Chemist: 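Below: one structure in structure tokens.
In what follows, residues are counted from 1 in the order of the sequence shown. In each ligand, atom 1 is the first atom listed, and ligand 1 is the first ligand listed. Just so we're clear, the structure is a prediction, and the values are computed from it rather than from any experiment.
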Amino acid sequence: MKIDEAVKILNQNKVVAIPTETVYGLAAKIDSDEALNLIFSTKNRPFFDPLIVHIESKESAKKLSLNWNDACEKLADTYWPGPLTIITKKSDQISDLITSGLETVGLRVPNHPLTLDLLKKVKTPLAAPSANPFKATSPSRYEHVVAYFPELPVLNGGDCEVGIESTIVEVKGNEIVVYRPGMISLNDIKTTLGSGWNVTYGESPAAPGQLKEHYIPSTPIISCTGLGIGEVIDYLETNESEYIENPYIWNLISTPELTARNLYSTFRSVDQGDFTSLIINIDQKFSENTKWHGILNRLEKARTLSLQKEVSSNKIVSQSKVLPSKNK
Ligand code: TXA
Ligand code: MG
């Protein structure tokens, strides 16, 4: 599909899937309630989960914000276009349908040439959540979107460079709260802003969209921290043997950037094989490096079981989550 065709469809109050550097989005013009409603029905997304608004420039973002301050300015200048969503007080151009009734809106300039071009041509900001059914793994490739929604018009922008969703921060005066970690890390933001700004992790009091279970593939994910792979196999053989009839083992030994880029496509290719689990082996030290936090956050939400070596007792602690079904 060409950009002009995508413009036409959006102007007909319909939705189009668009490429971004993080994951594909399902886009609607912010002034079309009809198209915004289509986002929710297509994804089967509850109305309590607010949408991110995509614009082509910082200037357009400022027009949608009532409390744009120096921190927003610095963050936008440093990271846009790029994988950072800034939450600020919304102007009345942003409807309650987009923000689930919140007074704030998430804004982002995505870094993908096709979508930047599309935004310039449409001349209206685009609300876009990730282009997956509610709770499913986000699509980081064109083929993922087509597999989820065969009927949907999709602008093909190839594979997403970043691979996991944007970092979300709310700017409230001097307080910068990171609600969703991503590849722009907490430390990156601290370094960019310097002194005078308080940057912390926090749970959004008003964004129930951040669910504990999310990004879930149908093959159970077992995340293992601080164990050798032999210990993992021994433990599972004794305690959870059904998982290791035919496991796919992924040792995270690469950079966080490459791991993020391959994360969701690995979930998907394991789903397509005949594997009984995806065992992901994580270095204990990763949690000390905020560059890994986005990936660890997605794994925590997607996993069925976690195994962790307790340093003091040298015991393996297992935690399981009840997920829909182990069977495909
Ligand atoms: O990288 C991304 O952010 C991708 C691409 C398409 O831009 N989009 C994305 O959207 O991940 P979505 O809808 O899957 O996740 C956005 C999350 C929501 O679940 C919600 O929790 C949070 O952003 N959010 C949106 N507006 C908010 C607001 N006003 N306050 C707090 N959280 C908000
Ligand atoms: Mg999503």
Chemist: Please list, chain by chain and in numerical order, all residues satisfying side-chain hydrogen bond (donor to acceptor under 3.5 Å, both in side chains) with K89, sequence neighbours excluded.
Modeler: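 Partners of K89 by the side-chain hydrogen bond (donor to acceptor under 3.5 Å, both in side chains) criterion come out as none, since no residue qualifies.
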Chemist: With heavy atoms under 4.0 Å as the rule, classify the contact between T22 and ligand 1 as side chain, backbone, both or neither.
Modeler: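 It is the side chain that gets close, since no backbone atom is under 4.0 Å.
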Chemist: Are any of the N/O atoms on Y179, whether in the backbone or the side chain, positioned under 3.5 angstrom from an N/O atom of ligand 1?
Modeler: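 Min N/O separation from ligand 1 is not below 3.5 Å for Y179.
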Chemist: Side chains of K29 and N11: do they bring a donor and an acceptor to under 3.5 Å?
Modeler: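 Judged by distance alone, the side chains do pair up.
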Chemist: Can you hop from Y79 to V162 via hydrophobic side chains spaced under 4.5 Å?
Modeler: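 Y79 and V162: separate clusters.
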Chemist: Is ligand 1 under 4.0 Å from a heavy atom in the side chain of E170, in the backbone, in both, or in neither?
Modeler: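 Neither part.
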Chemist: Can you list, by chain and residue number, the protein N, O or S atoms under 2.8 Å from the Mg ion (ligand 2)?
Modeler: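 Under 2.8 Å from the Mg ion (ligand 2) - ignoring waters, which are not counted - the protein N, O or S atoms are S130 OG.
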Chemist: Counting from 1, what ligand 1 atoms have a heavy atom of H54 closer than 4.0 Å?
Modeler: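 Counting from 1, the qualifying ligand atoms are 5 (C), 6 (C), 7 (O).
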Chemist: Number the atoms of ligand 1 from 1 as they appear, then name those within less than 4.0 Å of a heavy atom of S166, with their elements.
Modeler: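 Near S166, the atoms of ligand 1 are 1 (O), 2 (C), 3 (O).
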Chemist: Where's the contact between D49 and ligand 1, heavy-atom distance under 4.0 Å: side chain, backbone, both or neither?
Modeler: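 Side chain only.
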Chemist: Heavy atoms only, cut-off 4.0 Å: how does R45 contact ligand 1, side chain, backbone, both, or neither?
Modeler: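 Contact part for R45 vs ligand 1: side chain (C-beta onward).
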Chemist: Between E165 and R108, does any side-chain N to carboxylate O distance fall below 4.0 Å?
Modeler: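 The answer is no: the pair does not qualify as a salt bridge.
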Chemist: For the 3.5 Å polar cut-off, considering only N or O atoms, please tell me whether T20 and ligand 1 meet it.
Modeler: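 There is no such contact.
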Chemist: Sequence neighbours left out, what passes side-chain hydrogen bond (donor to acceptor under 3.5 Å, both in side chains) with S287? Give chain and number order.
Modeler: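 With sequence neighbours excluded, S287 shows a side-chain hydrogen bond (donor to acceptor under 3.5 Å, both in side chains) to no residue whatsoever.
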Chemist: Polar-atom distance check: T104 versus ligand 1, any N or O pair below 3.5 Å?
Modeler: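 Min N/O separation from ligand 1 is below 3.5 Å for T104.
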Chemist: Is K90 close enough to touch ligand 1? Criterion: a residue heavy atom under 4.0 Å from a ligand atom.
Modeler: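 No, K90 has no heavy atom closer than 4.0 Å to ligand 1.
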Chemist: Under a 3.5 Å cutoff, is there a donor and acceptor pairing between the side chains of S166 and T85?
Modeler: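 Yes, side-chain donor-acceptor contact under 3.5 Å.
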Chemist: Would a single hydrophobic cluster contain both V145 and Y264, if residues Ile, Leu, Val, Met, Phe, Trp and Tyr are joined by side-chain heavy-atom contacts under 4.5 Å?
Modeler: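 No, Y264 does not connect to V145 through the hydrophobic network.
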Chemist: Both conditions, 6.0 Å and 45 degrees, for the charged tip of R303 above the ring of Y243: are they met here?
Modeler: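 Relative to the ring axis of Y243, which defines the angle, R303 lies outside at least one limit.
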Chemist: I'd like to know if D117 pairs up with K121 as an ion pair, taking the criterion as any Lys NZ or Arg NE/NH1/NH2 lying under 4.0 Å from an Asp or Glu carboxylate oxygen.
Modeler: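 K121 and D117: salt-bridged.
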Chemist: Is S204 in contact with ligand 1, taking contact as a heavy-atom separation below 4.0 Å?
Modeler: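 Flag set, S204 near ligand 1.
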Chemist: Pick, from G163, G25, A17, the option with the minimum heavy-atom distance to atom 6 (C) of ligand 1.
Modeler: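 The nearest heavy atom belongs to G25.
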Chemist: Do N174 and N198 meet the criterion of a side-chain donor-acceptor pair at a distance under 3.5 Å?
Modeler: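 Looking only at side-chain atoms, N198 and N174 do not form any donor-acceptor pair under 3.5 Å.
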Chemist: Under a 3.5 Å threshold, yes or no: a donor from one side chain and an acceptor from the other, between S185 and N187?
Modeler: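 The answer is no; no qualifying pair exists.
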Chemist: Which residues pass the side chain to side chain contact (heavy atoms under 4.5 Å, CB included) test with S60, not counting sequence neighbours?
Modeler: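 S60 satisfies side chain to side chain contact (heavy atoms under 4.5 Å, CB included) with I55, E56, S57 once adjacent residues are dropped.
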Chemist: Which ligand 1 atoms are under 4.0 Å away from a heavy-atom of S130?
Modeler: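 The atoms of ligand 1 under 4.0 Å from a heavy atom of S130 are 8 (N), 9 (C), 10 (O), 12 (P), 14 (O).
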